[in-house]
Amino acid sequence: MVYTRKNQSHLTSAEKRRFVNALLELKRSGRYDAFVRTHIEYYVSDGDDGLRVAHMTPSFFPWHRRFLLEFERALQRVDSAVTVPYWDWTVDRTPGASLWGGGLMGGNGRRSDRQVMTGPFAGPAGNWVIKEGETDGDFLMRDFGRPHDPIDLPTEDELARATRDPVYDAAPWDSTSTEGYRNKLEGWTSGSGSAKWRNHNRVHRWIGGHMLGGASVNDPVFWLHHSFVDLLWDRWQARHPHSEPYLPKKPPGPEGLRRGSVAARYEAMPPWDVKPDELLSHRRIYRYA
Ligand code: CU
Ligand code: CU
């Protein structure tokens, strides 16, 4: 049965409670941290050798689509009615948004150590001990807006600039690609200061704390952010029905650029035996409301 992923701002308080309870149960049983480890393992950057499937690469969208599906299935084994909500950060763009309320994600980190003090994932509540962090503390950290060097969430205009690009991705198929929707949305640029981060990356930067690196899955808002990113890929496809939905179609050519490091359309994306081609549409599994 096709299920629905909802905008988090439209969830009833009962729906929020069931989503949060399923998250806490996965955490309690240790299954949540397995997702954190997988993401850390696949967080490799441009300079590294070998196949790169999750970030700075064309399969950024299908890899995270599959990752979210695995996570959603784990949630649904706890409570079959739960789906991953999405956060439209072009609309709900302040620390006062209901997303950050005590019934859903909880709020910002405190000034001294960036520890989240409110909501179900607050350090003092004791239900969300960080075990797979890349920092010392074992509590969840956030630092909204990066006060020491302020940054805003991406705007609708910035998002539109990415969505307008009719080409899915382009050589050299990494974080330096200046053409193509994928990197404009994933958001690596050669700019300086806050112009360095666009769209998807900028959201990670704005939240700060654990959301900054490979261990970003430690912050449950990761899933709501990536659910929206997944929706945006769908929106791009609908906007450009005559574009190739995924590139490259074949492994990049003899010029050697990123050869062997990129999953082309019909090549598997580890850790799963699944090809980008199999994940171009989600409509038989779920839809977005
Ligand atoms: Cu990721
Ligand atoms: Cu991300």
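One-based numbering, in listed order, for ligands and for the atoms of each.
Side-chain atoms of Thr155 and Asp157 form no donor-acceptor pair, as typed in the model, at a separation below 3.5 Å. Side-chain contact check for Ser281 and Arg283: no donor-acceptor pair (N or O, by modelled atom type) lies under 3.5 Å.
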Check your understanding: What's the verdict on ring pair (Phe, Tyr, Trp, His ring centres under 6.0 Å) for Phe60 and His64, showing C-alpha distance, side-chain angles and the deciding distance?
Key -> CA-CA 6 Å; Phe60 168 73; His64 284 86; 5.0 Å; yes

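Across Asn127, Asn218, Asp33, a single residue satisfies side chain to side chain donor-acceptor pair (under 3.5 Å) together with Lys27, and that is Asp33.
Within 6.0 Å of the NZ atom in Lys275, the count of heavy atoms belonging to other residues, nucleotides or ligands exceeds 12.
Tyr86 and Phe228 have parallel rings, their planes meeting at less than 30° on a 0 to 90° scale where 60° marks the start of perpendicular.
When rounded to 10 degrees, the angle formed at the Cu ion (ligand 2) by NE2 (His204) and NE2 (His200) equals 100°.
Excluding water, every protein N/O/S atom under 2.8 Å from the Cu ion (ligand 1) is given here by residue and atom: His39 NE2, His55 NE2, His64 NE2.
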